[in-house]
Amino acid sequence: MSQLSSPRPDSLALLSSKDDDEELALEYEELGLLPSDIDTPPVPSLCGVPLKYISLVTLAVQNSLLTIIMHYSRVSIPPSQSYSAPTAVLLNELLKGSISLAIAFTRIDRSTSYASDTPPGLTTGRFWHPSKVWLRIRRLGREVFSPDCWKLSIPAILYVIQNNLQYVAATNLEAATFQVSYQMKILTTAAFSVLLLRKQLSASQWLALFFLAIGVGIVQIQTGMGGTAKTASTLLFAGTSMNALKGFMAVVAACFTSGLAGVYFEMVLKNSQADLWIRNVQLSAFSLLPALVPIILSRPSDAGFISSLFENFGAWAWATVAIQVFGGLVTAMVIKYSDNILKGFATSLSIVISFLASVALFDFQITFTFILGSVVVLIATWLYNTPVRSSGSVRLGFAVKS
């Protein structure tokens, strides 16, 4: 998934504040006061619809579209005519980094880190005044090339590996199977959160992780026994075959790198005051070199660099890259306006959409075991993202000594 991530606010703290608001509302009602007397901040909305719902539905649709289009772009043509997955990963990093840089440039005035550098005459004035633009560029350069920017090199490498593995998985698994199996990243993220962030999980969350592993296992058992992927491939895409075992191993590795990269990125953000968009620029910058390595190693010696870079790079390849970049931006909006419960709804919706699309577009064979495994994964996802209401609930974790 995407690299634009941020530490999530503690769900129990959010729930506690919401419960306090509800109790306060009840007290006002008992006193005969109108709800308008309660000072509550306005909910961000677009055309009357809260942004948290818009962002989550958009993210669910984006996740589904990415899975479907990535799968179609990889298996709809013979392997000899397939575009380069490392090139797609490189373009994704370039575009995301450029957009993040532009957003960071527009937000630089909000930062107070270098307020002392601002001449008195430039505190107000036109946004595109040459002096103000040059001042913003200097500030942006200082923040992007900060002394601790090297910390982003580790998650950058992991994200590049993850993105390349996603293409391998999408090439060898049906869209619905890939979408369900990729939910294992919840398991790996939780594991690394406990080990690196000393996060404590409730008993219900441990139970959810257990059922998540079972659900994914059921889906993979039906894939291996039924030969669903091979059947669909034979029906739709002559000359193209899929290896379910190879695809599943790629998903496992992608979930591992995704969980480690996400938790490490969260550690960096928690120990830094830098703007999220600045961190995204640094992340993309450090991703360029590892993204170039497989391109250089796989390039034919007698072919030019640019010509080999965009060989067979057609409309579906560009669509895949565009949806990945769009997903990174939507993720930032979800982080700002959403909560864990609604994220669970978005995940469930994306699985359902991918499943229906696979049936309609790829002749995906519906089996009882796939339905059972998918339902178990959906329930586990919902259970994991549901905050514990009882303040005295049992929470389990591993304490790491300093």
Heavy-atom donor-acceptor pair, [X] side chain to [Y] backbone, under 3.5 Å:
X	Y	value
T171	R74	no
T189	I186	no
S193	K199	no
Q282	E143	yes
H71	A170	yes
S284	V281	no

For M267, look at atom CE and say whether over 12 heavy atoms of other residues, nucleotides or ligands are found less than 6.0 Å away.
-> yes
Considering residues, nucleotides and ligands other than Y264, do more than 12 of their heavy atoms fall under 6.0 Å from its OH?
-> yes
Using side-chain heavy atoms (C-beta onward) and a distance below 4.5 Å, is [X] in contact with [Y]?
X	Y	value
I278	L140	yes
Y167	T320	yes
T67	Y182	no
N172	F178	no
L187	C255	no
I103	R107	yes
L201	L209	yes
F286	C149	yes

Can you pull the salt bridge (Lys or Arg N to Asp or Glu O under 4.0 Å) pairs that have at least one residue in residues 246-255, sequence neighbours excluded?
-> none
Dump the intermediate steps for side chain to side chain contact (heavy atoms under 4.5 Å, CB included) on V160 and V293, then the final yes or no.
-> CA-CA 10 Å; V160 169; V293 170; over 6 Å; no
Ring pair (Phe, Tyr, Trp, His ring centres under 6.0 Å) partners for F248, two or more places apart | none
Could you tell me which residues satisfy ring pair (Phe, Tyr, Trp, His ring centres under 6.0 Å) with F355, sequence neighbours excluded, listed by chain and number?
-> F370
Working to the nearest 0.5 Å, report the span between [atom1] of [X] and [atom2] of [Y].
X	Y	atom1	atom2	value
K96	L101	NZ	CG	15.0 Å
L158	F265	CG	CZ	12.5 Å
L94	I99	CG	CD1	11.0 Å
Y384	S204	OH	OG	10.0 Å
N163	N92	CG	CG	6.0 Å
I379	L207	CD1	CG	11.0 Å

Going by side chain to side chain contact (heavy atoms under 4.5 Å, CB included), name the residues that satisfy it together with [X], two or more places apart in sequence or in a different chain.
X	answer
V352	L356
I323	Q62, L65, L66, I69
L372	I218, F368, V376
S64	Q179, S350, I353, S354

Where do [X] and [Y] come nearest, in terms of heavy atoms and distance?
X	Y	value
I157	P290	CG1-CG, 4.1 Å
L283	P155	CD1-CG, 3.9 Å
G247	A169	O-CB, 3.7 Å
L165	A253	CD1-CB, 3.4 Å
P86	I295	CB-CG1, 3.5 Å

Would L197 and F192 satisfy side chain to side chain contact (heavy atoms under 4.5 Å, CB included), going step by step from the backbone distance to the final call?
-> CA-CA 7 Å; L197 298 179; F192 285 116; over 6 Å; no
Going by atom types only, do Y159 and E93 share a side-chain donor-acceptor pair under 3.5 Å?
-> no
Sequence-distant partners of [X], side-chain hydrogen bond (donor to acceptor under 3.5 Å, both in side chains), two or more places apart:
X	result
T87	S84
D148	S146, R279
N164	none
Q183	none

Check step by step if side chain to side chain contact (heavy atoms under 4.5 Å, CB included) holds for L288 and L90.
-> CA-CA 6 Å; L288 296 181; L90 176 64; 4.0 Å; yes
Restricting to pairs with a member in residues 77-103, which pass ring-ring contact (aromatic ring centres under 6.0 Å, His included), not counting sequence neighbours?
-> Y83-F313
